[in-house]
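Residue numbering restarts at 1 for every chain, and letters A, B, ... go by the order of the sequence lines. Computation of the quantities below employed the complete heavy-atom set of this structure, encompassing side-chain atoms and omitting hydrogens, waters and symmetry-equivalent molecules.
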Number of protein chains: 2
Amino acid sequence: MTTMRDVAEEAGVSVATVSACLSGRRFVSAELKARIADAIATLGYQPDGVARSLKTGSTDLLGLVIPDISNPFFTEFVREVELMAKSYGYATILGDSGYDVATERKMLDLMRQQRVDGVVLCPAGTRRDYRFDEWPENIPLVVVDNAWEDTPFDTIELDNVGAGLAITHHIMGLGHTKIAIIAGPEGNHTSDQRLDGFMRALRNEDIVPPDDFIRHGDFRESGGYQQANALLDLPRRPSAIFVANNNMLIGVMRALHDRHLKVPDDISVASIDDFPWAGAFRPGLTVARQPVGVFAQHALRLIRKRFFEEEETPREQIMLDAELVIRESVRKR
Amino acid sequence: MTTMRDVAEEAGVSVATVSACLSGRRFVSAELKARIADAIATLGYQPDGVARSLKTGSTDLLGLVIPDISNPFFTEFVREVELMAKSYGYATILGDSGYDVATERKMLDLMRQQRVDGVVLCPAGTRRDYRFDEWPENIPLVVVDNAWEDTPFDTIELDNVGAGLAITHHIMGLGHTKIAIIAGPEGNHTSDQRLDGFMRALRNEDIVPPDDFIRHGDFRESGGYQQANALLDLPRRPSAIFVANNNMLIGVMRALHDRHLKVPDDISVASIDDFPWAGAFRPGLTVARQPVGVFAQHALRLIRKRFFEEEETPREQIMLDAELVIRESVRKR
DNA sequence: ATCGATTAGCTAAACGTTTAGCTGGCCCTT
DNA sequence: AAGGGCCAGCTAAACGTTTAGCTAATCGAT
């Protein structure tokens, strides 16, 4: 490999001058600039970021940890974060935890070891699954989507209670009273909040759903499939199902398909998280859409703010509203 | 930050011994091991990967460049690659080029600068869009999915001609003769091959499609939408459409939906690339599935092989078969 | 007892940058 | 003419590891 040393020699200057020329942080005469440029061209020199990182302490690397990239919400989030990161000159290290907290910890550790300039974490677990006293002070970390209350970190999340309320109100507004929910894992913050919104909406109308109607999936397709089947096996079926995320929605649709039940003729379905295919098929799916791009913008803003800030400012807890996208999967009863 | 120096001091040994203890590459007595472990625990020492990388020359970083992460084929590929990478101890740097060759080059340059141990590239462009004479000898690069002929690199791709043939034969086998294709951008290797398979299948049966039936989209949803509309505006419509990738398929479905055309009753549709939702909706979509997991396995195998190999072995050109997944979107005519 | 082989742990030199601080030449001022 | 200020470019010391090569201690064989 050709190093800066070689370039310096070839151009007949010192390494300091080459460095100054490349970084532009110090003045270098036009003549030397030209000689250095020539030397670089003839030798095909390409700078070594690792050495640079060691010396300067910043790697221009960003960590991004998500629980499941095949969930279109996270797919889109990855896309937006990577896009923003790129525009600021960062490269993105991606880690998919597969909703496994141990894997997630390993990823975070790996990223710390790579000395990333910041981490965007969409946590799979709850607060006490992590040992953040060990997290280095100087690496900004922002928690997105499944944010816990009691951390020192900046958080960004949907107003999940509001989204749960909005969806449930929409369903009730079309005359449904026998409404079931397939929530996420118990104890998962996001899931709990969406369930909370659901319950509040029902309570507003003095509806008390049977225990059978409140189900917990795993936020993945298989969980949606299982829980939908459980609901459909009930002697007294719901007329509408609120599914707490899009992957489970797929499973639900598959279960309905298996039983030749038509949406929304036989049963209504609504969910949280839009995705590219939601409008392309029959029936178009009614969902509450998360402002994914805005999530990503805030995430990068916060990381850069922390990275450059001189003295610490209080944590930000950002909460954004969902947008109800009404298509065809909920029908008047 | 606490460094290895601090640990060495605390434990009353040399840095060399600490290093030996941590890496396990040299024998260290049980007593010192314990003292070092204690020192690490009390100081909360965490090793610095950047310094390690500088010295050893390997970063345990893998580059992955794809043209569009929202395409489920690439979503799945990213997932599989990241999973395999993780299992070998690599972290994955992800770059989405957005089908833009300039961005792609920037990503590759960034990755080279980060001294990744290897790169998996799903190129957006054609061979001559790149200047691979500048690519460093010692960073293995494997080209996946849109592989060119004339490179020194290992390649992995679908047998696209075979896939095009299989899909088209399937359609023709159900009695269709007026078959259109929405291919990808002209000059794109993958697209050209799939189109080639399509044409060969038709030629086998002495069918000559009108020029109107051969359309080129951009491999994205909007392209599929536009080209489908163009086809449907034709005075003499096709009875079946072969769509060359899944994202365009979404656009096609949307166009059909807009015109209240039912698949497969009014028109048949088939595509290449399976995706999680293909079977969940009505109609279930008939597709040729790429063995994505196997792609990822080969990619990692090849990168590691090149990284560790003493003397150069000839390039491998791996070509894998698609699997026809027959659902409901193509119907007997 | 002596010599050589073996081995645990140490010293010190890298790896390829950045940057604080120095040098020496030039120009301006008095 | 001498002194001071300024500035382009240089020297050398980091950054936090790894590792070749050395030292000194231990042990067995003669």
Measure from NZ or CZ of Arg220(B) to the centre of the six-membered ring of Tyr99(B), then state whether that distance is under 6.0 Å and the direction lies within 45° of the axis.
-> no
Atom [atom1] in [X], atom [atom2] in [Y]: separation rounded to 0.5 Å?
X: Tyr45(A); Y: Met1(A); atom1: OH; atom2: CE; result: 7.0 Å
X: Leu54(A); Y: Asp48(B); atom1: CG; atom2: CG; result: 6.5 Å
X: Arg25(B); Y: Ser19(B); atom1: CZ; atom2: OG; result: 9.0 Å
X: Leu62(A); Y: Lys86(A); atom1: CG; atom2: NZ; result: 13.0 Å
X: Asp100(B); Y: Asp68(B); atom1: CG; atom2: CG; result: 12.5 Å
X: Asp154(B); Y: Arg301(B); atom1: CG; atom2: CZ; result: 8.0 Å

Polar contact flag, side-chain donor to acceptor under 3.5 angstrom, Arg306(A)-Thr313(A) = yes
Side-chain donor-acceptor pair under 3.5 Å between Asn188(B) and Ser191(B), yes or no?
-> no
Distance in angstrom units between [X] [atom1] and [N] [atom2], rounded:
X: Arg25(B); N: dA8(C); atom1: CZ; atom2: C1'; answer: 18 Å
X: Gln46(B); N: dT17(D); atom1: CD; atom2: C1'; answer: 16 Å
X: Glu9(B); N: dT11(C); atom1: CD; atom2: C1'; answer: 16 Å

Given axes from five pairs at either end, by how many degrees does the helix from dA1(C)-dT30(D) to dT30(C)-dA1(D) bend, rounded to 10°?
-> 60°
Identify the pairs formed between an N or O of the protein and an N or O of nucleotides 7-9 of chain D at a distance under 3.5 Å, and give each distance.
| from | atom 1 | to | atom 2 | distance (Å) |
| --- | --- | --- | --- | --- |
| dG9(D) | OP1 | Ser29(A) | OG | 2.7 |
| dG9(D) | OP2 | Ser29(A) | N | 2.8 |

Taking only the side-chain nitrogens and oxygens of Ser19(B), find out if one of them lies under 4.0 Å from OP1 or OP2 of dT18(D).
-> yes
Above 12 or not: heavy atoms from other molecules or residues under 6.0 Å from CD of Glu312(A)?
-> no
Might you list the N or O atoms of the protein lying below 3.5 Å from N or O atoms in nucleotides 14-16 of chain D, with each pair's distance?
| from | atom 1 | to | atom 2 | distance (Å) |
| --- | --- | --- | --- | --- |
| dA14(D) | N3 | Lys55(A) | NZ | 3.0 |

